[in-house]
Amino acid sequence: MEVYIPSFRYEESDLERGYTVFKIEVLMNGRKHFVEKRYSEFHALHKKLKKCIKTPEIPSKHVRNWVPKVLEQRRQGLETYLQAVILENEELPKLFLDFLNVRHLPSLPKTESYGSFDETESEESSKLSHQPVLLFLRDPYVLPAASDFPNVVIEGVLHGIFYPHLQPSFHP
């Protein structure tokens, strides 16, 4: 997993003073997503993480939020903080993954081989969870009808799926 904070923006608010939102880019298993967090959310995460893992230093809480140079330093500091948490921990705490909006991460240590992954995945999760919606026992276009009376339901469904732009034709 890789994390970056490519940008930040100032958010105006009627209810409270304006604040800065940091855009976090999360790259994992070839997928990328973004999460936006305020500094206060980083600070709350840091306080919780300190209780369960060794944490790096977090940028100072008390800075002048409106100075671009200060905000850029804070952006770099927060990016370094997230990267250090990932680098220094074999297993990342669930609250850290939740913070980054990461839903699934195999809980395998970095040094373990991929061979044992099959054991950690339950059989239920690998089975398909859906049933066929429509099943024909025979192809109604290829095989002749069992009777001369057409099956209106099958014709209607097939026309609806394959020829929705055509008007249905009714045989007398």
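Glu79 and Ile5 make their closest contact through OE2-N, 2.7 Å (heavy atoms, listed as atom of the first residue, atom of the second, distance).
Separation of atoms CE (Met1) and CD1 (Ile86) is listed at 4.5 Å; rounding is to 0.5 Å. Here CE of Met28 is found 7.5 Å from CG of Leu97. Values are rounded to the nearest 0.5 Å. To the nearest 0.5 Å, the span separating CG on Leu87 from OG1 on Thr80 amounts to 11.5 Å. Distance CZ/Phe34 to OG/Ser7: 8.0 Å, rounded to 0.5 Å. Distance check: Ile58 CD1 to Leu82 CG gives 8.0 Å after rounding to the nearest 0.5 Å. A distance of 11.0 Å separates OG of Ser60 from CD of Gln73, quoted to the nearest 0.5 Å.
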Item to check | Stepwise side chain to side chain contact (heavy atoms under 4.5 Å, CB included) check, Leu49 with Phe96 | outcome: CA-CA 8 Å; Leu49 283 178; Phe96 183 77; 3.9 Å; yes
Item to check | Full working for side chain to side chain contact (heavy atoms under 4.5 Å, CB included) between Phe22 and Glu41 | outcome: CA-CA 10 Å; Phe22 295 90; Glu41 294 173 281; over 6 Å; no
Next on the checklist: As a quick check of understanding, evaluate side chain to side chain contact (heavy atoms under 4.5 Å, CB included) for Gln83 and Val3, giving each step before the final call.
Outcome noted: CA-CA 6 Å; Gln83 291 171 347; Val3 292; 3.9 Å; yes
Item to check | Residue pair Lys37, Leu78: steps toward the side chain to side chain contact (heavy atoms under 4.5 Å, CB included) verdict | outcome: CA-CA 11 Å; Lys37 300 287 183 181; Leu78 291 173; over 6 Å; no
Item to check | ring pair (Phe, Tyr, Trp, His ring centres under 6.0 Å) evaluation trace for Phe42 with Phe99 | outcome: CA-CA 9 Å; Phe42 278 93; Phe99 179 82; 5.1 Å; yes
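Cluster annotation: Leu27 is not connected to Leu100 through the hydrophobic network of ILVMFWY side chains, with a link wherever side-chain heavy atoms come within less than 4.5 Å.
With sequence neighbours excluded, the residues satisfying side-chain contact (heavy atoms from CB on, under 4.5 Å) with Gln76 are Glu72. Listed by chain and residue number, His33, Val35, Arg103 satisfy the side-chain contact (heavy atoms from CB on, under 4.5 Å) test with Asn101 (two or more places apart in sequence, or in another chain). Partners of Arg9 according to the side-chain hydrogen bond (donor to acceptor under 3.5 Å, both in side chains) rule, which considers only residues two or more places apart in sequence or in another chain, are Glu11, Glu36.
Remark: side-chain polar atoms of Glu25 are not paired, donor with acceptor, to backbone N or O of Tyr4 under 3.5 angstrom. At distances below 3.5 Å, not a single donor-acceptor pair connects side-chain atoms of Arg74 with backbone N or O atoms of Pro59. Judged by distance alone, the side chain of Arg31 and the main-chain N or O of Val26 form no donor-acceptor pair under 3.5 Å. Between the side chain of Glu88 and the main chain of Thr55, no donor-acceptor pair closer than 3.5 Å is present.
Annotation: cation-pi pair Arg38/Tyr19 present, NZ/CZ under 6.0 Å from the ring centroid and within 45° of its normal.
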